[in-house]
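Structure first, then comments.
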2 protein chains.
Amino acid sequence: MNNPDSQTLPRTGRIRIDNQARIIEAAEMEFAEAGYKGASMVSIAKRAGLPRANVHYYFNNKLELYNRLLLDILQLWNTAFSQITAEDDPAEAIGAYIRAKVMYSKTNPRASRIFASEIIQGAPHLSEYLETDFRDWLRGKSRVIDAWAAQGKIDPVDPLVLIFLIWSATQHYADFSVQVVSVLGDRSLDEVDFEMVATNLTHIILKGCGMKPPTDHSLPRLAMS
Amino acid sequence: MNNPDSQTLPRTGRIRIDNQARIIEAAEMEFAEAGYKGASMVSIAKRAGLPRANVHYYFNNKLELYNRLLLDILQLWNTAFSQITAEDDPAEAIGAYIRAKVMYSKTNPRASRIFASEIIQGAPHLSEYLETDFRDWLRGKSRVIDAWAAQGKIDPVDPLVLIFLIWSATQHYADFSVQVVSVLGDRSLDEVDFEMVATNLTHIILKGCGMKPPTDHSLPRLAMS
DNA sequence: GTCTATAGTTAGATAGAC
DNA sequence: GTCTATCTAACTATAGAC
């Protein structure tokens with residue numbers, strides 16, 4: 001049974017990795033749909049197609065599983081967005097950031113919803129993160145925006161309001177997608193829609209902060225069925 | 001006991017109205033903090049300072065109580081925002097709307113969070129509303145914005161993106177207030193902060209859509225402690 | 001209209017056979 | 001590593017005395 005030829009992947013851990021991945025995906029769906037308290041381990045096990053006991057075998061308890069998910073989301077968030085510095089051209093940097101955030105909403109809607117639920121419900125499992133890394137990151141970016149304003153490259157808008165504006169407007173298409181979809185006539189959002197959203201948001205936000213938007217007319221629009 | 005002088009308010013219903021109000025307020029807190037599934041009737045009763053059975057006496061079950069809350073929120077939403085028509089000046093109308101939405105976030109943060117949780121979790125209790133009244137309202141306002149664009153009063157931005165931008169950016173200060181507060185150094189948002197947010201958002205959004213913002217320099221800013 | 005007691009259900013978690 | 005059986009706790013809801 002220890003013959004290394006008997007399996008392509010190492011025996012020890014292959015099933016483990018596989019099952020853990022299934023559980024994590026199932027948990028992502030469940031926590032996104034119900035929040036932490038509302039989520040049930042039974043339901044996660046069902047979604048993963050595994051007996052409940054197996055879920056407890058891989059993740060000791062509900063909180064551990066949830067924390068693992070939050071950690072994954074924060075790590076993804078940290079790597080997904082390029083660093084912005086005062087030397088960058090603001091229109092380019094902010095435009096790229098808006099586009100990246102919109103595409104994150106397209107690609108990782110459940111991660112966005114889990115994070116949103118956690119914050120809405122008072123962030124009981126993220127208070128440490130909010131008071132440290134998050135705060136530092138946000139204050140650092142605020143200084144960059146202030147520097148741009150001091151150089152006259154953008155209007156002297158409050159940096160926090162601008163950052164929160166970009167976040168909320170882009171995350172909206174993940175967190176509130178049900179609302180968006182319902183007004184479009186129940187067709188789901190596709191690649192073109194997200195491009196369209198990114199273009200329109202970039203126009204409004206860049207121009208609104210005194211920068212030149214990439215497109216000044218013939219903006220694309222969402223099609224309502 | 002039927003002497004009308006014995007009580008200022010009518011006997012029948014006074015306790016009822018009083019208790020119902022306490023339960024509704026308690027439920028608002030609980031549902032905002034835990035979402036529908038995560039909320040517990042036990043916890044609501046504790047918050048209201050009443051035995052659990054009394055909560056069931058006034059509201060037969062959890063779903064009924066929740067639906068009552070959603071209805072209240074929608075009614076408040078419908079009456080809280082003035083009607084906007086194509087004849088209005090867009091800068092004035094949109095500016096007033098942004099300000100009203102920001103102040104709604106200040107005054108009714110829990111209502112906003114309950115609504116947000118419901119949508120994030122797939123709006124299982126609001127699907128009918130989303131497909132009827134909500135959709136009609138949004139399509140009507142889209143036509144107003146289109147009319148303004150056709151008259152050259154604003155840039156031809158996608159109306160849905162603009163409306164969602166206003167909603168998400170303003171609701172952010174209710175739904176994600178924990179996040180905002182944490183970066184400000186754990187001081188809570190006051191009247192001045194909300195005014196500041198409204199002013200900055202109005203500047204960016206009006207200017208971003210090609211209108212003249214009320215203030216073009218010396219924008220106020222959030223103070224970080 | 002109030003409140004105790006409790007029925008009935010479901011949840012989280014674990015023991016132990018396989 | 002898997003899975004049945006089971007324990008304990010929490011929750012929704014109701015019955016019935018006051």
Side-chain angles (χ1 to χ4, degrees), chain A residues 1-4 6-24 26-70 121 124-125, chain B residues 1-3 6-24 26-69 121 124-125:
Chain A
M1 289 293 281
N2 278 324
N3 180 356
S6 65
Q7 295 286 334
T8 308
L9 292 168
R11 224 172 346 283
T12 308
R14 206 194 92 249
I15 295 176
R16 174 171 220 95
I17 289 168
D18 203 54
N19 280 347
Q20 279 188 336
R22 292 174 67 183
I23 292 167
I24 284 177
E28 208 179 88
M29 293 192 274
E30 177 72 5
F31 284 119
E33 281 180 26
Y36 177 69
K37 276 189 193 165
S40 112
M41 294 294 268
V42 178
S43 178
I44 291 170
K46 272 183 195 158
R47 287 180 196 262
L50 291 169
R52 314 108 201 263
N54 286 32
V55 177
H56 278 95
Y57 173 74
Y58 290 109
F59 300 92
N60 285 328
N61 52 50
K62 188 177 168 180
L63 183 59
E64 209 171 276
L65 178 53
Y66 184 67
N67 280 332
R68 165 63 184 274
L69 238 61
L70 285 182
Q121 296 175 9
H125 308 92
Chain B
M1 289 294 281
N2 279 323
N3 179 356
S6 64
Q7 295 285 334
T8 308
L9 293 168
R11 225 174 344 284
T12 308
R14 207 194 91 249
I15 296 176
R16 175 171 220 95
I17 288 167
D18 203 54
N19 280 348
Q20 279 188 337
R22 293 174 66 183
I23 293 167
I24 284 177
E28 208 179 88
M29 292 193 273
E30 176 73 5
F31 285 119
E33 280 181 26
Y36 177 69
K37 277 189 192 166
S40 111
M41 294 293 269
V42 178
S43 178
I44 292 171
K46 272 184 195 156
R47 286 179 196 263
L50 291 170
R52 316 103 201 265
N54 286 32
V55 178
H56 278 96
Y57 173 72
Y58 290 109
F59 300 92
N60 285 327
N61 53 50
K62 188 178 167 180
L63 183 59
E64 209 171 277
L65 178 52
Y66 184 67
N67 279 333
R68 165 63 184 273
L69 238 61
Q121 296 175 9
H125 309 93

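Chain A is the first sequence line, chain B the second, and so forth, proteins listed ahead of strands; every chain is numbered from 1. Both backbone and side-chain heavy atoms feed into the values below; hydrogens, waters and symmetry mates do not. Keep in mind it's a predicted model, so treat the numbers as computed, not measured.
Under a 3.5 Å cut-off, the side chain of Lys62(A) and the backbone N or O of Lys37(A) do form a donor-acceptor pair. With Asn61(A) contributing its side chain and Glu64(A) its backbone, the two residues share a donor-acceptor pair below 3.5 Å.
Taking 4.0 angstrom as the limit, Asn19(B) places a side-chain polar atom (N or O) nearer than this to OP1 or OP2 of dT2(C).
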Using a cut-off of under 3.5 Å, enumerate the N/O to N/O pairs linking the protein to nucleotides 10-17 of chain D.
unit_1	atom_1	unit_2	atom_2	d
dT12(D)	OP1	Ala39(B)	O	3.3
dT12(D)	OP1	Met41(B)	N	3.0
dT12(D)	OP2	Met41(B)	N	2.7
dT12(D)	OP2	Val42(B)	N	3.3
dA13(D)	OP2	His56(B)	NE2	3.4
dA13(D)	OP2	Lys62(B)	N	2.9

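Taking 4.0 Å as the cut-off between side-chain N and carboxylate O, Glu28(B) and Arg47(B) do not count as a salt-bridged pair.
The interatomic distance linking Gln20(B) (CD) with dT2(C) (C1') rounds to 15 Å, in whole Å. Atom OH in Tyr66(A) sits about 14 Å away from atom P in dG12(C), given to the nearest Å. Atom pair Ile17(A):CD1 and dG1(D):C1' shows a separation of 14 Å (rounding to whole Å applied). Here dG1(D) presents its C1' atom at 7 Å from CD1 of Ile15(A), a figure rounded to the nearest Å. Between the CZ atom of Arg14(B) and the P atom of dG1(C) there is a distance of 11 Å, given to the nearest Å. Here dA13(C) presents its P atom at 14 Å from CZ of Phe59(A), a figure rounded to the nearest Å.
The distance from the OH atom of Tyr58(A) to the CD1 atom of Ile17(A) is 10.5 Å, given to the nearest 0.5 Å.
Within the 4.5 Å cutoff, no side-chain heavy atoms of Glu30(B) are placed close to those of Tyr66(B). By the 4.5 Å heavy-atom criterion applied to side chains, Asn19(B) and Tyr57(B) are not counted as neighbours.
Here Tyr58(A) lies in heavy-atom contact (under 4.0 Å) with sugar-phosphate atoms only.
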